[in-house]
Amino acid sequence: MVDAAIQHDVLVVGAGLAGMRAAVAAREAGVDTAIISKVHPMRSHSGAAQGGINAAVAKDDSWENHWFDTVKGSDYLADQDAAEILTRLAPDNIRELEHQGCLFSRWQDGRIATRPFGGAGFPRTCFVADITGHVILQTVYEQVLKNGVTVYEEFFVVSLIVEDNVCRGVITLDMSTGKLSAVRAKAVVFATGGSGRVFYKSTNSLISTGDGVAIAYRAGAPVEDMEFIQFHPTTLASNGVLITEGARGEGAYLLNSEGDRFMFKYAPTKGELASRDVVSRAEWTEILEGRGVNGCVLLDLRHLCEARIQERLPQIRELAIDFAGCDPVNAPVPIKPGAHYTMGGIRVDKTCASTVQGFFAAGECSAVSVHGANRLGGNSILETVVFGKIAGVSAAQYAREHDYASFPSSALPDQESRRNALFQTTGKEKVAVLRDAMQAVMNEHFHIFRNEAQMAAGVNKVRQLRERFANVAINDHSMVFNTALTEAFELDAMLDLAEIIALGALARKESRGAHARIDYKDRDDANWLKHTVITRSPEGPKLSYAPVTMGKFQPMERVY
Amino acid sequence: MKSTFLIQRYVPEQDSAPHVERYELDLWDEATILDGLLAIKDSQDDSLAFRRACRHAICGSCSMVVNGYTKLVCKTAIASEVKRGRSELKITPMRSMKVLKDLIVDMSPFWKHFRDVEPWLQPDPAKVPPPNEEYRVTPQQLAPSRKDLNCILCAVCFSDCGVTEVDSHFAGPPALAKAHRFVTDPRDSKRKERLEKLVDLGLWDCAHAYNCMECPKHVDPAHAIADLRRISIEAGITNNIGAKHSQQFTKSVGRNGRLDETRLVMELTGITNVTGQIRNAPQGVRMLLKGKLPLPMHQKVDNPKEVRRIFETVGTKDEQ
């Protein structure tokens, strides 16, 4: 058993919205709580959420409608009890954020304003112009400071320690000193974000490398529905930067090379505001059929006029000017679908508990599952606050009922050996080369439209990259901020995830939500209305399936 | 497009002092400086250390000094530096903070100032609405803090601020912009307490160099600081040298159309404060010997009435 220099009742890994919300909830529940994050909290990717957060706050809306829209959006793969919690608690969670200081945009009468968003039957997306995630991240960070939660910034978690199916803590790398150390905790919450960087030109931050999901998987926690990757319909061609769905919510058009608003061909009622999987497939079809503009379609905001754009969408105007050389006030913006959101993640129940005792997860790294096969815009940061809080409460309760569990003596030396191996190898492979190759494989073989032969070839290519990773060498051997080392750890994690995504996708012989197969075009509820569950085994990833929790909404044909 | 990066390198375990290394790049025309750094790390030297995350100006990670000015490098095109006549990009870490490695600085002083302004809403508990209601806040009431909300805490202005550089006590532009966001929030109940504390944290120490106007997110901290000063005087927080200086300065110019510097010093010290006036005397003598003492008899402008009329029209509260 090792002595841990640091120990806390509840340890939260990740300082985005879900992590900080969990930490504040655990702290308020009266237990000793700390956050570990590989970046300063305000650098977290939650801050990049632009368009808004859904809640039925309006008088003539109802949470039951939001519930239905979420389940329909998920292509009926969401667990309906989890989606119920998400939507029923949404309005109070929004007002709680507001009471904590979040300055939501308002109607003239002073109430919180809402805007229309994709796949929603009512304008129920609350927002702060087009910087919603950024301002909510500020608010939640303010609560972390106010509550005096300890934050270990720029500490990189390298492993989750589980023995006899009981979580004991983590091993972490202090990036500023290079020191690996054991951190003990009675309960651990992972809120480590998405895995978007597995794909090429993702909207995601360079830090969204899915480390948490891979680390949990290696420690024995099953992961769920990882084959469902959301391609966001509007990303900039040059660097994949996101243009919010709020642009279409405010009334922007999607045009093809012929100047047609093509979306009504694919979604007769909702048009541009169909759900994201539908819009991305439509755009990609237009591009494949030769009606694209240099591999893109056009997002036209011109009719909204400058004043409206400046009031509601100032950030995306600037992003378009900076990264596409195009002012949306004067010209349509070329956009294309880009990898954006990981619907799957660490398999957890409604209380955010995983199958490993004392180990919880919330936010994008988890699959609770409220998004199923396709997430609605505006539901991601909602999930982080609602389930972040639930995870914090659950972890605090677990911590009160359990003592620290002993830490296996091999846990720390194992990680030291892992680092030393990267320092000592004489291999010739480079992290950046393998990372670029992996991203290219995933984009080519597991894109918006998928088929058997292409995916099977993709699985092989991913496995070859995993073999090559054994020969990865890094030149930087310093201890202080060795970002070459942390990038190697991140690639190691992403290669696991790439294989999991690939295997889940290859096995699922139907089209559902974001998983669209040209060889199995229809949803197949008789055989595939079930969650993919992948568990690590000595022989490699082991696939199994678990039932979806159904409820009052029976699967229907999904038309927008 | 070809470009040359001259990057300051420093690895504490190996180097006694920083040195500069040269990298040649050939990237696409729209490439940002961050794209350049990533290309160097990926294909030339994996040991180059810098912070980065979102690559689109929302996370605030990648601030550094480029050819003398602090920039958020994900938002700055290499071509823009070439356009201003810089054929080479000299890249150094941010100022006013200790360098830890290469382009990474210790931001703890920055975050300390941020925490010092108590950056969280402090409402009157009796006025918090029930859980099923929000505070009513009109769009007009939101307007004063709208720019403050844009702040991504990138520290570009903190690094370029001349006062921050010489005075570690000064809260600095971002912390003051954050304070402004709460002081102007109609839901907050600690306006006066906040303002009194801000005086201690250096509200009046800003020297109007306006380097913080070059904000990548258009936050405009200089305006936030000026507005906080105005609000603090309106709130009656005038028993401090900054507010007094501002008031006397205005009075002096308003009276004669031209600043009466000698009288300003005497009034700031307190006309009846004899010991204070005596303490100022040696400074006065030194200034006299250097030929820097203003004329004892103050010269009015030719038509002070004109100036007084301007003051009456504008109103003294807009003195900032």
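Just so it is clear: chains get the letters A, B, ... in the order the sequence lines come, proteins before strands, and each one is counted from 1.
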By number, which residues in residues 33-48 of chain B have some heavy atom less than 4.5 Å away from chain A? B:L38, B:K41, B:D42, B:D46, B:S47, B:L48

Are the side chain of B:R55 and the backbone N or O of A:N239 linked by a donor-acceptor pair below 3.5 Å? yes

Audit row: A:L103, B:R181, side chain to side chain contact (heavy atoms under 4.5 Å, CB included) steps and yes/no: CA-CA 10 Å; A:L103 283 162; B:R181 172 250 172 280; 3.5 Å; yes

Check whether any side-chain N or O of B:R187 sits under 3.5 Å from a backbone N or O of A:Q100 as a donor-acceptor pair, and report yes or no. no

Measure A:S202 against the heavy atoms of chain B and call it side chain, backbone, both or neither at under 4.5 Å. backbone

Of all the residues in residues 59-66 of chain B, which have a heavy atom that comes within less than 4.5 Å of a heavy atom in chain A? B:C59, B:G60, B:S61

Under the criterion side chain to side chain contact (heavy atoms under 4.5 Å, CB included), I'd like the reasoning laid out for B:F114 against A:M42: C-alpha separation, chi angles, the key distance, then a yes or no. CA-CA 12 Å; B:F114 182 75; A:M42 287 305 294; over 6 Å; no

For chain A, find which of B:A77, B:S145, B:C154, B:P129 contributes the most heavy-atom pairs closer than 4.5 angstrom. B:P129

Under a 4.5 Å heavy-atom cut-off, does chain B meet the side chain of A:Y141, its backbone, both or neither? side chain

From B:R146 CZ over to A:I131 CD1, what is the distance, rounded to the nearest 0.5 angstrom? 4.0 Å

For A:R43 and B:L153, work out which heavy atoms get closest and say how close. NH2-O, 2.9 Å

Side chain, backbone, both or neither: which part of A:V480 has a heavy atom under 4.5 Å from chain B? both

Answer yes or no: is there a donor N or O on one side and an acceptor on the other, between the side chain of B:E134 and the main chain of A:I112, under 3.5 Å? yes

What closest approach, in Å, do B:L142 and A:F104 show between heavy atoms, and which atom pair accounts for it? CD1-O, 3.6 Å

Check whether more than 12 heavy atoms from other residues, nucleotides or ligands sit under 6.0 Å from atom CZ of A:F423, and answer yes or no. yes

Should A:K146 and B:E118 count as side-chain neighbours, where that means a heavy-atom distance under 4.5 Å? no

For a quick test of reading the model, state the closest non-hydrogen atom pair linking B:P119 to A:E142 and the distance between them. O-CG, 2.7 Å

Smallest heavy-atom separation, A:I207 atom then B:A53 atom, equals CG2-CB, 3.9 Å

Identify, with sequence neighbours excluded, every residue that meets side-chain contact (heavy atoms from CB on, under 4.5 Å) alongside B:D106. B:K98, B:L100, B:S108, B:P109

Quick check on A:H477 against chain B: is it the side chain, the backbone, both or neither that has a heavy atom closer than 4.5 Å? neither

Output the option from A:G240, A:C102, A:S44 having the highest count of non-hydrogen pairs under 4.5 Å with chain B. A:C102

Student check: side-chain heavy atoms of B:H218 and A:E318 closer than 4.5 Å: yes

Is the side chain of A:H134 donor-acceptor paired with the backbone N or O of B:L149 at a distance under 3.5 Å, no angle test? yes

State, with a plain yes or no, whether a side-chain heavy atom of A:F481 is found less than 4.5 Å away from one of B:D102. no

Are there residues of residues 8-30 of chain B whose heavy atoms fall under 4.5 Å of chain A's heavy atoms? If so, which? B:V11, B:P12, B:E13

Intermediate values then yes/no, side chain to side chain contact (heavy atoms under 4.5 Å, CB included), B:N132 and A:R95: CA-CA 7 Å; B:N132 62 351; A:R95 292 185 200 102; 4.2 Å; yes

Pairs of heavy atoms under 4.5 Å with chain B: top-ranked of A:D109, A:N482, A:D436, A:V135: A:D109

Name the region of A:Q108, side chain, backbone, both or neither, that has any atom closer than 4.5 Å to a heavy atom of chain B. both

Out of B:N150, B:T32, B:I58, return the one with the most heavy atom pairs under 4.5 angstrom to chain A. B:I58

Out of B:D188, B:I152, B:T138, B:D185, which one racks up the most heavy-atom pairs below 4.5 Å with chain A? B:I152

Of the listed residues (B:M107, B:K217, B:E133), which shares the most heavy-atom pairs with chain A below a 4.5 Å separation? B:E133

Among B:Q141, B:Q122, B:K178, which residue has the highest count of heavy-atom pairs closer than 4.5 Å to chain A? B:K178

Please classify the contact between A:L319 and chain B as side chain, backbone, both or neither, with a heavy-atom cut-off of under 4.5 Å. side chain

For the pair B:R51 and A:H40, evaluate side chain to side chain contact (heavy atoms under 4.5 Å, CB included) and give the outcome as yes or no after the intermediate values. CA-CA 10 Å; B:R51 292 191 177 104; A:H40 184 279; over 6 Å; no

A:R106 (side chain) donor-acceptor with B:R136 (main chain) under 3.5 angstrom: no

